Undergrad: 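Structure below; questions to follow.
Naming convention: chains lettered A, B, ... in sequence-line order (proteins, then strands); numbering from 1 in each chain. Bear in mind the structure is a predicted one, so any value in this text is a computation, not a measurement.
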2 protein chains.
Amino acid sequence: MSKHPKEMDVLKDHLGKHQLKYTRQRELILEFFLKQEHITAEELYHQLSRKDPHLGLATIYRTLNLFCEAGLAQARHFGTQTQYDNVSHKGHHDHLICTDCGKIVEFENCDIERLQEEVAASNGFTIKTHRLELYGLCSRCRH
Amino acid sequence: MSKHPKEMDVLKDHLGKHQLKYTRQRELILEFFLKQEHITAEELYHQLSRKDPHLGLATIYRTLNLFCEAGLAQARHFGTQTQYDNVSHKGHHDHLICTDCGKIVEFENCDIERLQEEVAASNGFTIKTHRLELYGLCSRCRH
DNA sequence: ATTGAAATTGATAAGCCGTCTCAAGAACAG
DNA sequence: CTGTTCTTGAGACGGCTTATCAATTTCAAT
């Protein structure tokens with residue numbers, strides 16, 4: 001019994017539409033992926049190696065890319081590392097990043113999202129996703 | 001006589017503050033970098049190899065990173081490649097990116113910027129830079 | 001101008017991250 | 001069940017970026 005029936009359905013739907021198969025690995029990776037807000041392929045690999053020591057890193061990468069295509073995840077580059085965001089669990093969120101201590105605050109702002117839609121529309125675009133990152137100093141590091 | 005006295009000053013100021021030196025290569029790379037809106041390290045390398053065939057690729061990378069630290073450039077990852085944006089020449093701008101054909105439209109929106117400031121302030125942050133990318137389909141690719 | 005300490009450069013080696021390859025195994029329609 | 005097709009795991013591979021290091025250049029102090 002999965003704890004994430006909704007996301008599981010999204011995955012199965014995507015698999016069905018693209019002649020892909022439902023595998024034990026994909027189910028396992030999804031289950032662990034959904035436990036976090038965002039994670040790197042490497043971290044997920046380590047978490048899962050306890051559960052299934054034979055799971056390959058390549059499979060993690062392949063599956064995370066699959067999740068991106070299915071709309072369950074979104075890749076995000078933070079400096080040198082690539083984070084895969086869980087976008088299905090809660091709504092899309094953006095990031096405030098302290099360039100000094102590395103602290104990350106997540107936020108959501110409907111007004112900004114609405115303005116983004118307006119900008120896109122006036123340029124003939126239809127937005128699928130977006131990425132907004134604000135870099136600066138947090139209150140602690142400003143001093 | 002440089003054609004970019006203002007940016008040159010920003011660079012010299014940064015160099016002075018960090019015990020770094022003003023070199024022929026840094027001047028040359030800055031001059032070419034400022035000619036474009038955004039460019040990859042590889043492209044810049046090719047452009048410059050005509051002017052100075054002995055300039056190394058590593059120096060290009062080092063110098064572009066230096067420009068980022070000085071606030072003259074900003075690195076942006078688009079798919080597999082890294083673009084270095086010229087952020088000093090004109091005001092900061094954001095990007096609309098077509099996920100189908102790769103078309104990039106630049107835009108600027110004061111209202112969004114103002115809201116960003118508000119979000120940052122309410123979280124105790126002071127913004128230095130930001131990055132906003134909207135991904136979707138352009139009018140041509142929507143059909 | 002000369003000198004000398006410190007930073008920079010160029011060439012290349014090395015590293016990292018993610019993808020590709022391919023034989024063996026698993027899924028699923030008929 | 002059976003056959004076809006997709007997936008997996010392991011490691012090789014590839015592109016992009018950084019590290020290494022001896023030779024060179026910068027620049028402040030003579």
Undergrad: Ignoring hydrogens and angles, are the base of C:dA27 and the side chain of A:Lys21 linked by a donor-acceptor pair under 3.5 Å?
TA: yes
Undergrad: Do you know the tightest heavy-atom contact between B:Gln74 and B:His130?
TA: NE2-O, 3.3 Å
Undergrad: Send over the distance from A:His77 NE2 to D:dC16 C1', rounded to a whole Å.
TA: 13 Å
Undergrad: Taking the six-membered ring where the residue is Trp, are the ring centres of A:Tyr84 and A:Phe33 under 6.0 Å apart?
TA: no
Undergrad: Considering just the side-chain nitrogens and oxygens of A:Asn65, establish if one lies under 4.0 Å of OP1 or OP2 belonging to C:dT19.
TA: yes
Undergrad: From OH of A:Tyr61 over to C1' of D:dA10, roughly how many Å is that when rounded to an integer?
TA: 15 Å
Undergrad: Are any of A:Gln25's side-chain N or O atoms less than 4.0 Å away from OP1 or OP2 of C:dA26?
TA: no
Undergrad: For A:Lys51, does the NZ atom sit with more than 12 other heavy atoms under 6.0 Å from it, leaving out its own atoms?
TA: no
Undergrad: Check whether any side-chain N or O of A:His54 sits under 4.0 Å from OP1 or OP2 of D:dA10, and answer yes or no.
TA: yes
Undergrad: So, does A:Thr23 get its side chain near the phosphate of D:dT7, meaning an N or O under 4.0 Å from OP1 or OP2?
TA: no
Undergrad: Quick one: is B:Arg24 getting a side-chain N or O under 4.0 Å of the C:dT9 phosphate, OP1 or OP2?
TA: no
Undergrad: Looking for any heavy atom pair under 4.0 Å, which part of the strands does A:Arg62 touch: base, sugar-phosphate only, or nothing?
TA: base
Undergrad: Do B:His38 and B:Glu106 have a side chain donor and acceptor closer than 3.5 Å?
TA: yes
Undergrad: What does A:Gln19 touch in the nucleic acid at a heavy-atom separation under 4.0 angstrom: a base, only the sugar-phosphate, or nothing?
TA: sugar-phosphate
